[in-house]
Amino acid sequence: MEEFDLFVIGAGSGGVRCARIAAQSGARVGIVEARHWGGTCVNLGCVPKKLMVYASEYGGMAEDARAFGWDMSAGAHDWSKLIAAKDREIARLNGIYVSLLEAAGVTLMSGHARFLDAHTLEIGASPLAPGETPRRVRAKAIVIATGSQAVRPGIPGAELGIVSDDAFHLPARPERIAIIGAGYIGVEFAGIFAGLGSHVDLVYRQDLPLRGFDEELRASLAEALPGYGIAVRSGHSPCGVEKLPGGALRLDLGAGESLETDCVFFATGRAPNLSRLDVEAAGVTVEKGRVVVDDAFSTSVPHIYAIGDVTDRYNLTPTAIAEGHMLAERLFGGGTRDWSFATTPKAVFFSEPLSSVGLTEEEAARETDLDIYTARFRPLRQTLTGRDRKTFMKLVVCARTQVVLGAHMMGDAAPELMQGLAIAVTARLTKRDFDRTIGIHPTTAEEIVTMRSPARHVKQRAGEG
């Protein structure tokens, strides 16, 4: 039986960082991956999705170029060429992740892991080949970093639809696609397929997309969606999917409504991936499908830890990386590094991206009186194209201390700009710090430091805080 100081289950962003930092600190480290080195983000998430977002934008760019004197048109898009190029880049990144682990001295294993007891794991393919014997390893410390997986709703015919994993490998782009759900994944893929030429129906339960984001930001997106050729069907909870003669699908929207489409895409959430892990054999507590951890990433078993999406807390690649790094340094490097998780910036890579950091107006109003600053304007580029697209910016400021509690934006380069604003919000800079900063002209970013007068004052919500 192989012995390790640390064994990591799952080679996604968090698991790889944890294993690498621990090994560089002198620990004997092993790691196992059942599917893709680099995990969801590299293979079936952030990276390939961003490449597809880029692809979806070039058609509109070609049209806009005519307004600037270029004689060009978009032409037809070659889906197979895009997917082949994407696959080559992902394969390259897979190799980099493996190389980083090997260079750090980590022992790599492929297969599914399951707990035999609190210190012992069995690792093998599923199913095992004839005559194959699973490996067994023991470790002083074990990290569960198995991420999350897409889930389908429990409705009749759900198996006829796809989830985000499948979208990256479709043999052809569907001419009509119905996307169910308006979170990160639903909104981003609605923009991707609409930009590439598909008719998109975006179906969701609530009045506004992107639940959990600032309400004004959500409203800005809802207003913009039809301008990208996306048919919005809010207030609907689909009841079923059926296949029609000829191969098309009928999506039952309830209340006697339905739509016909070529592809149904369920962007209805993700759940922690604990399949075949048998955490019960180790005594690890699981509640509502997630591994329960404390602030030090410890589970109910002191030497077993969990990081990333499997804990269902932040569910972002950068936070998983930070958790893995902090844990490895604490266990083997004596480090005291920390990150400000409360001010984690986030972005939605729609055709016109959205990004936020800190508190929304709704969250902040539970704690204090607020000054709200907003700007809505037509960006310079669109003055020649004629497109009716608006950039929206918002600062949420504590009325008493003038500390900037949150920043929210929809518009070109919003995620790039928000990374800098995240530093300001994390440092608890005040509105005066923003006001005395000179802008760069002409840019969209300068509007952040030129919003002088509050759009409104908001009183703390009665009975809250």
Side-chain angles (χ1 to χ4, degrees), residues 2-35 37-41 97 100-101 104-123 135-148 272-286 290-335 337 339 341:
E2 297 168 87
E3 302 273 352
F4 295 94
D5 298 315
L6 176 72
F7 197 87
V8 180
I9 308 170
S13 299
V16 167
R17 177 63 65 92
C18 186
R20 187 165 62 85
I21 297 302
Q24 289 173 346
S25 300
R28 293 172 299 166
V29 181
I31 189 169
V32 61
E33 172 56 41
R35 192 176 183 191
W37 295 97
T40 296
C41 179
Y97 272 80
L100 287 171
L101 289 166
V106 178
T107 300
L108 279 64
M109 302 182 190
S110 295
H112 290 276
R114 70 182 185 94
F115 282 95
L116 298 180
D117 58 45
H119 283 280
T120 311
L121 293 163
E122 183 178 82
I123 297 166
R135 298 171 76 166
R136 289 191 176 184
V137 300
R138 286 184 60 82
K140 297 175 183 176
I142 296 172
V143 176
I144 302 170
T146 48
S148 62
N273 181 19
L274 293 171
S275 60
R276 292 181 278 190
L277 198 54
D278 292 346
V279 294
E280 299 82 4
V284 172
T285 298
V286 175
R290 65 183 180 89
V291 177
V292 179
V293 294
D294 61 19
D295 290 341
F297 318 116
S298 296
T299 69
S300 54
V301 181
H303 66 274
I304 299 178
Y305 306 88
I307 59 174
D309 288 11
V310 76
T311 67
D312 197 22
R313 298 196 297 175
Y314 302 104
N315 300 343
L316 294 168
T317 295
T319 53
I321 291 172
E323 289 175 348
H325 199 126
M326 289 171 63
L327 178 59
E329 283 196 345
R330 181 165 59 81
L331 292 178
F332 301 103
R337 182 192 301 264
W339 273 268
F341 290 99

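Scope of the values below: all heavy atoms of this structure, side chains included, with no hydrogens, waters or symmetry mates. Being a predicted model, the structure only gives us computed values, none of them experimental.
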>> Here's a test for you: under side-chain contact (heavy atoms from CB on, under 4.5 Å), which of Val291, Val292, Val286 qualifies with Thr299?
In response: Val291
So, using side chain to side chain donor-acceptor pair (under 3.5 Å) as the criterion, who are the partners of [X] when residues are at least two apart?
X      : result
Glu33  : none
Ser148 : Arg270, Asp309
Ser298 : none
Arg290 : none

Can you tell if the side chain of [X] reaches within under 4.5 Å of the side chain of [Y], non-hydrogen atoms only?
X      : Y      : result
Ile31  : Leu108 : yes
Lys140 : Arg28  : yes
Cys18  : Leu6   : yes
Phe341 : Asp295 : no
Phe332 : Val29  : no

How far apart are the closest heavy atoms of [X] and [Y], and which atoms are they?
X      : Y      : answer
Val106 : Ala19  : CG2-O, 3.7 Å
Ile9   : Ala113 : CG2-CB, 4.0 Å
Thr146 : Val310 : OG1-CG2, 3.5 Å
Tyr97  : Ser13  : OH-OG, 4.1 Å
Val301 : Ala282 : CG2-O, 3.2 Å

>> Before you tell me yes or no, could you show the steps for Asp278 and Glu122 under side chain to side chain contact (heavy atoms under 4.5 Å, CB included), namely the whole-Å CA-CA distance, both residues' side-chain angles and the distance that decides it to 0.1 Å?
In response: CA-CA 10 Å; Asp278 292 346; Glu122 183 178 82; over 6 Å; no
Is the backbone of [Y] close enough, under 3.5 Å, to the side chain of [X] for a donor and an acceptor to pair up by distance?
X      : Y      : answer
Ser300 : Gly283 : yes
Thr311 : Ile307 : no
Arg330 : Ala296 : yes
Thr319 : Leu316 : yes

Once rounded to the nearest 0.5 Å, what's the spacing between atom [atom1] of [X] and atom [atom2] of [Y]?
X      : Y      : atom1 : atom2 : answer
Ser110 : Arg35  : OG    : CZ    : 14.0 Å
Ile123 : His112 : CD1   : NE2   : 11.5 Å
Leu121 : Glu2   : CG    : CD    : 11.5 Å
Tyr305 : Ile142 : OH    : CD1   : 11.0 Å
Leu274 : Arg114 : CG    : CZ    : 15.0 Å

>> Quick one, Phe115 with Thr120, criterion side chain to side chain contact (heavy atoms under 4.5 Å, CB included). Give me CA distance, side-chain angles, the key distance, then yes/no.
In response: CA-CA 6 Å; Phe115 282 95; Thr120 311; over 6 Å; no
Could you give the side-chain donor-acceptor pairs of residues 321-328 under 3.5 Å, partners two or more places apart or in another chain?
residue: Glu323; atom: OE1; partner: Gly308; partner atom: N; Å: 2.7
residue: Glu323; atom: OE2; partner: Arg313; partner atom: NH2; Å: 3.4
residue: His325; atom: ND1; partner: Arg17; partner atom: NH1; Å: 3.0
residue: His325; atom: NE2; partner: Glu329; partner atom: OE2; Å: 3.1
residue: His325; atom: NE2; partner: Arg337; partner atom: NE; Å: 3.4

>> Using the ring pair (Phe, Tyr, Trp, His ring centres under 6.0 Å) criterion, which residues pair with Phe4? Sequence neighbours excluded.
In response: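 Phe4: ring pair (Phe, Tyr, Trp, His ring centres under 6.0 Å) contacts with Phe7.
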> Do the rings of His119 and His303 sit parallel, tilted or perpendicular, given the 30° and 60° boundaries?
Replying inline: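 If you compare the ring of His119 with that of His303, the planes turn out parallel.
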